[in-house]
Novice: 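One structure coming up, written as structure tokens, with questions to follow.
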There are 2 protein chains.
Amino acid sequence: MVGMSRPDGDQRVALPQPDPGVAQHITLTGPLADRDSWRADACPIVAALDVLGTRSAFVILREAFYGASRFEQFVKRTQLSEPVMATRLKELTEVGVLAKEPYREPGERTRNAYRLTEKGAELLPALTALFSWGSRWQLSGPQQVELAHADCGGLVTSVLQCEHGHPVDAGAVELRSMHRRRELVVQGRAGERPTRA
Amino acid sequence: MVGMSRPDGDQRVALPQPDPGVAQHITLTGPLADRDSWRADACPIVAALDVLGTRSAFVILREAFYGASRFEQFVKRTQLSEPVMATRLKELTEVGVLAKEPYREPGERTRNAYRLTEKGAELLPALTALFSWGSRWQLSGPQQVELAHADCGGLVTSVLQCEHGHPVDAGAVELRSMHRRRELVVQGRAGERPTRA
DNA sequence: CATCTCACTTAGGTTTCTCATAGCCAGAGA
DNA sequence: TCTCTGGCTATGAGAAACCTAAGTGAGATG
């Protein structure tokens, strides 16, 4: 997808000179410490990409967050073809990221709207993270958009935080195997679906 | 990529019954309010996907964050083929997400290590967000992994925050066009690369 | 010099994503 | 009943992402 064709105005620019790599990484703990002793068979990132692994899925999600709900809107606003749109909407509905909701305009027949479910809505941090990164490192020039906090006007980004509300530095992230922690459930808002533990 | 073939143990499971879509979306402001009046030509998400739009790129990044740096490690740990690895590493290096760094083991010839640059390291929130989402909504069963805060042991996720440190609710996000805000630069740590404005 | 290994490259083929074009069908309006 | 429209579906083709298998080439080791 690197040379991914984009139909419209391309304004990609090489922005910064990258530093010779000096970056912290995640610490592997316990039985995971020896990376060559295990395989990432159940990788959550890959599992997520099984659902959103296409450009079209991301773009459709973007428009869903921008407020689109009807087939026609999705097609027009994403510039994707109708066949792709139909396929993707069906898939995203099947996996529960979108939900069909019949609606009827006066003098029209019943049609389906596609709305984000809670599962879909929870993709916002992922989309936002890509948005911020792309904005900072890949785009330049005018005509840019940004995400702002309605309350204070500040730029919105996606940051690492632990369930106790601490800001988490990249160097302070550990990967560990999850052995049925039943006690650490905190901060789960009521009505949440599959709260682990 | 939805039916994306995965070489190893697949343990995808249908977890929750999605609700009939009722989710807040982002508010479009100013000239962007009428979504049909503009095209998302310079979409930062698409720009990001131009770089990481493949499964292999994500998986390579994952392993980079897990500590891999050598060609052989990347191949073994990602289960990707050598041709794909060579191509992807070159591309990721070219766009500045990874940087080559020559190293030499005693009794070996000089080889290249690939390390995350700052640009690459800043993808952690995006990877983490996908990680959390995939873990919560797509995976189940044992053998799962999770990200924890080294300091307190709490689960790490990616959350929305504005530049003033406020937690941002999904309903409080606005999309606006960015007209050269030179004043609002806050919180920029020294040494940061392309701080806007 | 011959051999080995690691880091790639080349060649060939399959699957998936995408597009454009052309239907199809349900229901409203004439 | 005929037509129009919006929401899909079907078909066929090109590009891209992957794979396996088989090189290549630089620098150690024997």
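Order of the sequence lines sets the chain letters (A, B, ...), proteins ahead of strands, with each chain counted from 1.
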Novice: For the side chain of A:Arg88, starting at C-beta, report the closest nucleotide among D:dA28, C:dC19, C:dT18.
Specialist: C:dT18
Novice: Answer with yes or no whether B:Arg55 presents, from its side chain, a donor or acceptor under 3.5 Å of a partner atom in the base of D:dC18.
Specialist: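 A donor-acceptor contact between them is absent.
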Novice: Roughly how many Å is it from NZ in B:Lys100 to C1' in C:dA7, rounded to a whole number?
Specialist: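 One finds 11 Å between C1' of C:dA7 and NZ of B:Lys100, rounded.
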Novice: Between A:Ser56 and C:dT18, is there a side-chain N or O to OP1/OP2 distance below 4.0 Å?
Specialist: yes
Novice: State which of D:dC18, D:dC8, C:dA7 makes the closest approach to the side chain of B:Tyr103.
Specialist: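 Ranking D:dC18, D:dC8, C:dA7 by closest atom to the B:Tyr103 side chain puts C:dA7 first.
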Novice: Examine D:dC8: is either OP1 or OP2 under 4.0 Å from a nitrogen or oxygen in the side chain of A:Lys90? Give yes or no.
Specialist: no
Novice: Taking atom types as modelled, find out whether B:Thr157 and A:Glu163 have a side-chain donor-acceptor pair closer than 3.5 angstrom.
Specialist: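 Their side chains do not contain a donor-acceptor pair, so the 3.5 Å distance test is not met.
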Novice: With a 3.5 Å cut-off and just heavy-atom distances, do the side chain of A:Glu82 and the base of D:dC8 make a donor-acceptor pair?
Specialist: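 Indeed there is one.
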Novice: In terms of ring plane angle, is the pair B:Tyr114 and B:Phe74 parallel, tilted or perpendicular, where the classes change at 30° and 60°?
Specialist: perpendicular
Novice: With the side chain of B:Tyr114 defined as its heavy atoms from C-beta on, choose the nearest nucleotide among D:dC19, C:dC8, C:dC19.
Specialist: C:dC8
Novice: Expressed as a whole number of angstroms, how long is the span from B:Lys76:NZ to C:dC6:P?
Specialist: 9 Å
Novice: Using the side-chain heavy atoms of B:Thr54, tell me which of these nucleotides is nearest: D:dC18, D:dG27, C:dT21.
Specialist: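 Per side-chain heavy atoms of B:Thr54, the pick is D:dC18.
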Novice: Applying side-chain contact (heavy atoms from CB on, under 4.5 Å) to B:Met85 and B:Ile60, what does each step give before you reach the verdict?
Specialist: CA-CA 8 Å; B:Met85 186 57 62; B:Ile60 289 168; 3.6 Å; yes
Novice: Whole-Å distance between C:dC8 P and B:Leu92 CG?
Specialist: 13 Å
Novice: Just how far, in rounded Å, is C1' of C:dT16 from CG of A:Leu52?
Specialist: 16 Å
Novice: Among C:dA7, C:dT18, D:dG7, which nucleotide has an atom closest to any side-chain atom of B:Phe71?
Specialist: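 Among the listed nucleotides, the one closest to the side chain of B:Phe71 is C:dA7.
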Novice: Does B:Val145 offer a backbone N or O that forms a donor-acceptor pair with the side chain of A:Ser177 under 3.5 Å?
Specialist: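 It does not hold such a pair.
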Novice: Would you please test A:Gln138 and A:Trp133 for side-chain contact (heavy atoms from CB on, under 4.5 Å) and show each step?
Specialist: CA-CA 7 Å; A:Gln138 292 295 115; A:Trp133 188 88; 3.7 Å; yes
Novice: Between B:Ser81 and A:Arg111, which is nearer to the 5' end of DNA chain D once each is assigned its nearest nucleotide?
Specialist: A:Arg111
Novice: When the distance from CZ of B:Arg70 to P of C:dA7 is rounded to whole Å, what number comes out?
Specialist: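 Rounded to whole Å, this separation is 8 Å.
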Novice: Return the value, rounded to whole Å, for the distance between atom CG of B:Asp50 and atom P of D:dA15.
Specialist: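 In whole Å, D:dA15 P and B:Asp50 CG are 18 Å from each other.
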